[in-house]
Amino acid sequence: MIKVCISGLGRTGKEIAKAVLDQEDIQLVSVICSPSSKTKNMDLGRVLGIDNTGIIIRSSDNLEEIIFRNKPDVVIDFSNPKSALKNALIFSKYRVNIVIGTTGFTPYELKKIFILTRKYKNGIVYAPNITLGVNVMMLLTNLTASLLNGYDFQITEVHHKNKLDSPSGTAKKIALEIQGGLKNTGMPMPASEIPINSVRAGGVIGRHEVMIVGEEDKIEISHESFSRKAFAQGALKAAKFVHKKSGYFEMRDVLDLEKVLKTYIENNDRSRRRNPELKQKSV
């Protein structure tokens, strides 16, 4: 049984809490809010619109007490950059592993998170791109950049009007995937030079699109979240992955995308050797 703590009860945090409560192999032992939150000292069930759970939402001011009392194995953080970084230091000191879905960190702040895993030997999954589908999109984008390095790339991301960081952390990560794909072919391009168009409107949960445009054709790769349940599914998978691990990880590690791709290539090559007609038909 994995004991989980949730930090941050925004729209995504609430969806994650509901998902954790439905798990048989994960136990929700504590929920943390900011000191000024109206949910402080409330039963979680009241906030989620369900029956009382017996889990009282506590302020992050009492974080050490919460850790001692509830002994969480993994914390899932969807708060804000300032709180997430402050809390990550305390969790790491007590060897609590962390899944960070919070976005908006500076490069310096991300480096501090990375250093925590080296200093305290705990495990942290940094996942601004927590949904499973968007990580497959990133892999496809990297491959496409490797194959079509002479094309132009344009990223467009659309989120709800209350999202603070712009461009999104996922859009920045997609730019890094494009950079990595181009670098593999000997055509380096700084990720900062890959254009990103950000839109903040209405209640859009999240949409990311990559256009790869050549002189004669165009490819589009896109991902859209229809429900925050997609974030919850990714967070649960990350929490199960990082349990009892040490080190700094991303969602590509959680999904083991490199192994998946390697296995696909090996199996495809094996099929072609066994069935020469497949190679002939593809020419």
Side-chain angles (χ1 to χ4, degrees), residues 4 6-23 26 74-81 84 97-105 110 113 124-144 155-178 180 196-211 220-243 248-261:
V4 166
I6 293 176
S7 177
L9 268 185
R11 285 175 289 187
T12 301
K14 291 176 184 176
E15 202 63 55
I16 294 172
K18 292 177 184 177
V20 173
L21 289 172
D22 287 337
Q23 300 298 303
I26 297 179
V74 180
V75 59
I76 300 175
D77 190 295
F78 273 81
S79 55
N80 61 70
N97 287 1
I98 315 171
V99 175
I100 300 178
T102 301
T103 61
F105 294 104
L110 287 177
I113 291 172
I124 297 179
V125 175
Y126 172 60
N129 40 284
I130 198 80
T131 64
L132 308 183
V134 81
N135 283 276
V136 174
M137 175 195 180
M138 289 183 183
L139 174 62
L140 295 174
T141 301
N142 187 301
L143 288 172
T144 306
I155 301 169
T156 299
E157 56 99 351
V158 186
H159 285 85
H160 56 88
K161 60 186 177 183
N162 295 318
K163 184 173 177 60
L164 298 178
D165 55 319
S166 179
S168 69
T170 299
K172 293 177 181 178
K173 188 68 169 60
I174 292 172
L176 289 172
E177 293 293 337
I178 294 171
I196 301 176
N197 178 37
S198 297
V199 179
R200 297 289 175 265
V204 179
I205 293 176
R207 175 179 170 83
H208 293 85
E209 178 183 87
V210 181
M211 288 196 302
E220 294 182 0
I221 305 173
S222 66
H223 173 270
E224 182 170 1
S225 297
F226 302 135
S227 164
R228 285 184 171 78
K229 290 180 180 178
F231 296 91
Q233 291 170 356
L236 290 176
K237 194 172 186 67
K240 292 177 181 179
F241 168 84
V242 80
H243 182 225
Y248 181 88
F249 307 96
E250 296 183 355
M251 282 302 289
R252 66 187 305 147
D253 302 304
V254 175
L255 300 176
D256 206 357
L257 292 180
E258 282 78 6
K259 181 180 179 181
V260 171
L261 182 59

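Predicted model, so just to flag it, every value in this text is computed and none were measured.
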*Asks:* Going by atom types only, do Asn129 and Thr170 share a side-chain donor-acceptor pair under 3.5 Å?
*Replies:*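 Side-chain D/A pair, Asn129 to Thr170: absent.
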*Asks:* Just verifying a value: how many Å separate Thr141 OG1 and Asn135 CG, rounded to the nearest 0.5 Å?
*Replies:*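 Answer for the OG1-CG pair, Thr141 versus Asn135, is 11.0 Å.
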*Asks:* Which atom pair, heavy atoms only, marks the closest approach of Ile130 to Met251?
*Replies:* O-CE, 3.4 Å
*Asks:* Is there a donor in the side chain of His159 and an acceptor in the side chain of Ser168, or the other way round, less than 3.5 Å apart?
*Replies:* no
*Asks:* Where do Ala84 and Phe105 come nearest, in terms of heavy atoms and distance?
*Replies:* CB-CZ, 3.8 Å
*Asks:* Do Ile113 and Tyr248 touch side chain to side chain, with heavy atoms closer than 4.5 Å?
*Replies:* yes
*Asks:* Go through Lys163 and Glu157 one step at a time and tell me if the salt bridge (charged side-chain N to carboxylate O under 4.0 Å, His left out) criterion holds.
*Replies:* CA-CA 12 Å; Lys163 184 173 177 60; Glu157 56 99 351; over 6 Å; no
*Asks:* Determine whether a donor-acceptor pair (N or O, by modelled atom type, separation under 3.5 Å) exists between the side chain of Asp253 and the backbone of Glu250.
*Replies:* yes
*Asks:* Find the distance between CD (Glu15) and CD (Gln233) and round it off to the nearest 0.5 Å.
*Replies:* 9.5 Å
*Asks:* Just to verify, which of Asn80, Asp165, Asp77 counts as forming a side chain to side chain donor-acceptor pair (under 3.5 Å) with Thr102?
*Replies:* Asp77
*Asks:* Of the non-hydrogen atoms in Ala19 and Ala232, which two are nearest, and what is the gap between them?
*Replies:*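 Heavy atoms of Ala19 and Ala232 come nearest at CB-CB, 3.9 Å.
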*Asks:* Test your reading of the model: is there a side-chain donor-acceptor pair from Asn97 to the backbone of Val242, 3.5 Å cut-off?
*Replies:*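 Pair found, side chain donor or acceptor close to backbone of Val242.
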*Asks:* How close do Val74 and Ala239 get, counting heavy atoms only, and between which atoms?
*Replies:*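 That would be CG2-O, 3.9 Å.
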*Asks:* Side-chain contact, heavy-atom cut-off 4.5 Å: Arg207 with Val199?
*Replies:*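 Contact flag for Arg207/Val199 side chains = no.
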*Asks:* Please report the interatomic distance CZ(Arg11) to CD1(Ile205), rounded to the nearest 0.5 Å.
*Replies:*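 Here the rounded value is 8.5 Å.
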*Asks:* If you round to the nearest 0.5 Å, how far is CG of Leu140 from NE2 of His223?
*Replies:* 11.5 Å
*Asks:* Please round to the nearest 0.5 Å and tell me the distance separating atom CZ of Phe231 and atom CG of Leu236.
*Replies:* 13.5 Å
*Asks:* Is any side-chain heavy atom of Leu255 less than 4.5 Å from a side-chain heavy atom of Lys237?
*Replies:* yes
*Asks:* Heavy atoms, side chains only, cut-off 4.5 Å: are Lys173 and Met138 in contact?
*Replies:* yes
*Asks:* Provide the closest heavy-atom pair for Val158 versus Arg200 in the form atom of the first, atom of the second, distance.
*Replies:* C-NH1, 4.4 Å
*Asks:* OG1 of Thr12 to CZ of Arg228: how many Å apart, nearest 0.5 Å?
*Replies:* 5.0 Å
*Asks:* What pair of heavy atoms forms the shortest contact from Ala17 to Leu9, and how long is it?
*Replies:*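 That would be CB-CD2, 4.5 Å.
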